[in-house]
Structures are given as C-alpha cells and as structure tokens.
Amino acid sequence: NRGQPGESASRERLGARARGVVAYICKTMCDKTAKEVGKYFGRSEPVVSEVIKHIEAELAENKGDTEKLVQQISACLKKNYRPCLVREIK
C-alpha cells in the first residue's frame with residue numbers, strides 16, 4: 001500500500017538524500033573514491049559523484065539540517081565502530 005498520491009515521490013527524495021549523505025560520509029571518512037563507493041553500493045561512479053556534489057553544495061550553502069545529519073552519523077560511526085572497520089569498505 002503506497003499511501004496518498006504523491007507520497008512515493010516525496011519518499012524517493014528522502015531516499016535519494018539519504019543515499020547522498022551516506023555516499024558523502026563514505027568518501028570523506030573512509031577516503032574512498034566515488035568509483036569505490038559506487039561499486040560497494042551498486043551505483044555508477046557518475047551517479048555517486050553527482051549525489052556527493054549535491055551534498056557538498058548543501059553543506060556549502062550552510063543548510064543546517066544537512067550538516068547536522070552528517071555530524072550525527074559521523075559521530076555515531078566514530079563512537080561505535082573501530083576505524084579499521086569503517087575504512088575497510090570495499
């Protein structure tokens with residue numbers, strides 16, 4: 001059951017943003033290339049590069065919610081996972 005008309009488009013935008021944040025964190029915290037991140041998540045390098053650029057633009061525009069989300073996820077990863085595990089994304 002998909003809910004109300006138009007809801008799936010809104011849900012897709014949230015999913016796309018979440019994927020972008022995850023790709024950005026993988027690239028910055030794990031020192032991985034867009035190609036490596038894309039391979040891990042089953043996305044092409046150009047797609048991953050584009051979503052990372054979009055998140056970087058949001059951060060540059062000082063959008064507080066994006067920065068807060070990135071900081072919260074990064075802090076959680078640093079607290080709960082050993083660095084060697086975070087860096088071993090293949």
Side-chain angles (χ1 to χ4, degrees):
N1 196 2
R2 292 205 171 228
Q4 301 297 320
E7 188 175 310
S8 63
S10 175
R11 199 178 310 183
E12 177 56 31
R13 279 193 300 276
L14 287 174
R17 184 164 180 260
R19 285 189 299 274
V21 170
V22 169
Y24 173 81
I25 289 172
C26 286
K27 182 177 181 279
T28 57
M29 284 186 71
C30 302
D31 297 323
K32 298 297 180 184
T33 65
K35 184 176 183 177
E36 291 170 316
V37 174
K39 183 177 179 183
Y40 184 80
F41 288 106
R43 303 280 187 209
S44 69
E45 179 181 3
V47 168
V48 173
S49 293
E50 191 62 35
V51 296
I52 290 171
K53 285 179 190 176
H54 184 76
I55 296 300
E56 289 172 338
E58 286 185 12
L59 292 170
E61 292 171 8
N62 210 13
K63 291 191 175 182
D65 59 335
T66 301
E67 185 174 355
K68 185 177 178 180
L69 181 60
V70 169
Q71 288 174 350
Q72 287 174 334
I73 294 170
S74 298
C76 180
L77 289 171
K78 288 175 185 176
K79 179 181 176 185
N80 295 309
Y81 297 97
R82 296 186 315 229
C84 61
L85 294 177
V86 174
R87 293 193 183 279
E88 288 304 313
I89 294 176
K90 293 183 181 181

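Keep in mind the model is a prediction, meaning the values are calculated, not measured.
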S.K.: According to side-chain hydrogen bond (donor to acceptor under 3.5 Å, both in side chains), who are the partners of Thr33, at least two apart in sequence or on a separate chain?
M.R.: Glu36
S.K.: What's the spacing between Cys26 SG and Arg19 CZ if we round to 0.5 Å?
M.R.: 13.5 Å
S.K.: Which atom pair, heavy atoms only, marks the closest approach of Ile52 to Tyr24?
M.R.: CG1-N, 3.9 Å
S.K.: Can you name the residues that form a side chain to side chain contact (heavy atoms under 4.5 Å, CB included) with Val21, not counting sequence neighbours?
M.R.: Ile25, Ile55, Leu69, Val70, Ile73
S.K.: Measuring only between side-chain heavy atoms, which start at C-beta, is Leu77 closer than 4.5 Å to Met29?
M.R.: yes
S.K.: Indicate the atoms forming the closest heavy-atom contact of Val37 with Lys32, along with that distance.
M.R.: CG2-CB, 3.8 Å
S.K.: Under the side chain to side chain donor-acceptor pair (under 3.5 Å) rule, what pairs show up with a residue in residues 50-61, not counting sequence neighbours?
M.R.: His54-Glu58, Glu58-Thr66
S.K.: Taking a hydrophobic cluster as the set of Ile, Leu, Val, Met, Phe, Trp and Tyr residues connected by side-chain heavy atoms closer than 4.5 Å, whether directly or through intermediates, do Val47 and Tyr40 fall within one such cluster?
M.R.: no
S.K.: For residues Val51 and Ala23, report the shortest heavy-atom separation together with the two atoms involved.
M.R.: CG2-CB, 4.2 Å
